[in-house]
Visitor: 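Below you will find the structure I want to go over with you.
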Amino acid sequence: MEQVNQTRMIYFYFHPFSKLPEVQVLIFLAFLVMYLFSISGNISIAVTIWIHHSLHTPMYLFLANLAVLEICYSSTIAPLTLASVLYPERTVISLPGCGVQMFFFVFLGSADCILLAIMAYDRFVAICHPLRYTLIMSWRLCIQLSLGSLVLGFTLVMQVTVLIFQLPFCRSKEISLFYCDTLPVMRAACADTRVQEATVFVVSVTVLTVPLLLITLSYVFIVVAILKISSAEGRHKAFSTCSSHLTVVLLQYGCGSLVYLCPNSNYSPERGQIVPVVYTFITPVLNPLIYSMRNRELKEALKRTVMRFLLPQTQGVH
């Protein structure tokens, strides 16, 4: 198998969104704006949480980790995608480069999904066991959970990546997507991929279905606990701390399930182009907006941070 890949250098080129140059330029500008917004928004959240000691709590620690993951996740895809949109005929990626991009994209996406489940557990403890919250969610446990999401994602995805890139790739070929992902890359191989497809499906179930079940279970207990709160203000406050997280969960898991949990026989290049745009460009833009708009404490901290950097002279006088 490996001899086929080593005979000559294999390159992949990406399926263009449109053959019209004017449309390609518009897509490039839209992607560039979304990428810059996602990077600036997530950096703002991470820096704000870092410099404001009042936000040094488990909930915001996980949110800062999520923001950093989103920055790395977007940056794995966006630069090469922008180049391929603007210069589709000249932008190619080598077989090893494709493997590196696929590994980091799926690894960071998997860690993202696992971290969302950890954040749901954090909200469950905060609302259902408020008196024991600081005891249960110790800094040591928070760090262990954050590192655990990375280690688990790394372990699962490394196995998938090695298995896929042991396949023979006979010639350079177009990938029916704008980045290297598991299903399009497997379709470019010139061998039977049933073992690889089964492995990808098992890993997808582990990364998507299991955490989603834990999130659902956490929110069942959270809803029951919220309904027991006597005051309407207390119920609203408890729900507001969860609504932003729940919105992000629906976006992330909804798109991921459409791509990775559907049978490979039902895979369509058209859906493969549209749905990934949502979770590679649109979701990283929406996440900072959702959290900053729905969380009053974070919103106020962001305002103070912006004022500190934009008006340093005024801050110095005061």
Side-chain angles (χ1 to χ4, degrees), residues 1-2 4-5 10 12-15 69 72-74 76-77 80-81 93-117 148-170 173-215 249 251-280 283:
M1 287 186 181
E2 294 180 359
V4 178
N5 297 339
I10 302 294
F12 294 127
Y13 50 100
F14 302 106
H15 185 72
L69 280 176
C72 300
Y73 178 79
S74 299
T76 302
I77 300 300
L80 191 61
T81 298
I93 187 169
S94 65
L95 186 65
C98 186
V100 171
Q101 187 189 54
M102 191 188 81
F103 168 77
F104 278 103
F105 174 73
V106 183
F107 158 54
L108 293 167
S110 301
D112 199 317
C113 290
I114 298 167
L115 185 60
L116 287 172
S149 66
L150 295 173
V151 171
L152 182 57
F154 180 91
T155 304
L156 292 172
V157 175
M158 178 58 76
Q159 297 175 36
V160 171
T161 306
V162 170
L163 196 61
I164 289 176
F165 282 87
Q166 284 179 342
L167 289 167
F169 296 89
C170 304
K173 198 171 183 180
E174 180 184 89
I175 293 179
S176 61
L177 199 54
F178 55 91
Y179 62 92
C180 291
D181 200 3
T182 53
L183 295 180
V185 170
M186 283 191 292
R187 283 177 170 262
C190 49
D192 183 29
T193 61
R194 282 177 292 182
V195 173
Q196 285 77 8
E197 289 172 22
T199 305
V200 168
F201 183 76
V202 170
V203 170
S204 300
V205 169
T206 304
V207 169
L208 290 169
T209 307
V210 174
L212 185 58
L213 289 174
L214 294 175
I215 291 171
V249 166
L251 282 170
Q252 185 81 2
Y253 281 88
C255 294
S257 299
L258 283 174
V259 173
Y260 296 104
L261 294 183
C262 290
N264 195 26
S265 58
N266 295 337
Y267 176 80
S268 69
E270 292 77 16
R271 187 186 68 199
Q273 283 277 47
I274 296 170
V275 177
V277 170
V278 177
Y279 65 77
T280 55
T283 301

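Quantities reported herein were computed from a predicted structural model and do not represent experimental measurements.
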Visitor: Restricting to side chain to side chain contact (heavy atoms under 4.5 Å, CB included), what partner residues turn up for V100, sequence neighbours left out?
Guide: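 Listed in chain order: F104.
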Visitor: For the residue pair C98 and I175, what are the closest heavy atoms and their distance?
Guide: SG-CD1, 4.2 Å
Visitor: Working to the nearest 0.5 angstrom, can you tell me the gap between C170 SG and I10 CD1?
Guide: 7.5 Å
Visitor: Restricting to ring-ring contact (aromatic ring centres under 6.0 Å, His included), what partner residues turn up for Y253, sequence neighbours left out?
Guide: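 ring-ring contact (aromatic ring centres under 6.0 Å, His included) check on Y253 returns nothing, list empty.
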Visitor: Write down the atom of K173, the atom of R187, and the distance for their closest heavy-atom approach.
Guide: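 Shortest heavy-atom separation between K173 and R187 comes out as NZ-O, 3.6 Å.
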Visitor: Ignoring hydrogens, what is the shortest heavy-atom contact between F165 and G99? Give both atom names and the distance.
Guide: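 In terms of heavy atoms, the two residues are closest at CZ-CA, 3.3 Å.
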Visitor: To the nearest 0.5 Å, how far apart are CG in L116 and CD in Q252?
Guide: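 Atom-to-atom, L116:CG and Q252:CD are 6.0 Å apart.
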Visitor: I'd like to check the side chain to side chain contact (heavy atoms under 4.5 Å, CB included) partners of L251; sequence neighbours left out, ordered by chain and number.
Guide: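 Per chain and number, L251 pairs via side chain to side chain contact (heavy atoms under 4.5 Å, CB included) with T283, L286, I290.
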Visitor: Mind checking the SG-CG spacing from C180 to L80? Nearest 0.5 Å is all I need.
Guide: 8.0 Å
Visitor: Where do Q101 and T76 come nearest, in terms of heavy atoms and distance?
Guide: NE2-O, 3.3 Å
Visitor: Do L177 and F14 have side chains that approach each other closer than 4.5 Å (heavy atoms only, starting at C-beta)?
Guide: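 With C-beta onward as the side chain, the pair stays apart.
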Visitor: Rounded to the nearest 0.5 Å, how far apart are CG of L115 and OG of S110?
Guide: 12.5 Å
Visitor: List the atom pairs, with distances to 0.1 Å, where a side-chain N or O of residues 200-214 and a protein N or O form a donor-acceptor pair under 3.5 Å, not counting sequence neighbours.
Guide:
residue, atom, partner, partner atom, Å
S204, OG, V200, O, 2.7
T206, OG1, V202, O, 2.9

Visitor: Restricting to side chain to side chain donor-acceptor pair (under 3.5 Å), what partner residues turn up for Y279, sequence neighbours left out?
Guide: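 Y179.
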Visitor: Considering residues at least two apart in sequence or located in another chain, which fulfil the side chain to side chain contact (heavy atoms under 4.5 Å, CB included) criterion with L152?
Guide: I114, L156
Visitor: F107 versus Y73: any side-chain heavy-atom pair under 4.5 Å?
Guide: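 They are not in contact (no side-chain heavy atoms under 4.5 Å apart), so the answer is no.
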Visitor: Could you tell me whether the side chain of V160 reaches within less than 4.5 Å of the side chain of V106, counting heavy atoms only?
Guide: no
Visitor: Which heavy atom of I215 sits nearest a heavy atom of A117, and at what distance?
Guide: CG1-CA, 3.6 Å
Visitor: Checking Y13 against I93 for the side chain to side chain contact (heavy atoms under 4.5 Å, CB included) test, could you report, in this order, the C-alpha distance in whole Å, the side-chain angles of both residues, the deciding distance, and whether it holds?
Guide: CA-CA 6 Å; Y13 50 100; I93 187 169; over 6 Å; no
Visitor: If you look at every heavy atom in M102 and I164, which pair is closest and at what distance?
Guide: CE-CD1, 3.9 Å
Visitor: Within the distance-only criterion (no hydrogens, no angle test), does the side chain of T193 pair as donor or acceptor with the backbone N or O of Q196 below 3.5 angstrom?
Guide: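 No.
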Visitor: Enter the distance from T161:OG1 to F105:CZ here, rounded to the nearest 0.5 Å.
Guide: 12.0 Å
Visitor: Any non-hydrogen side-chain atom of F12 less than 4.5 Å from a side-chain atom of E174?
Guide: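 Heavy-atom side-chain distance check fails, nothing below 4.5 Å.
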Visitor: Could I get the full list of side chain to side chain contact (heavy atoms under 4.5 Å, CB included) partners for Q159, not counting sequence neighbours?
Guide: T155
Visitor: Decide yes or no for S74 and T280: does some side-chain heavy atom of the first lie under 4.5 Å from some side-chain heavy atom of the second?
Guide: no
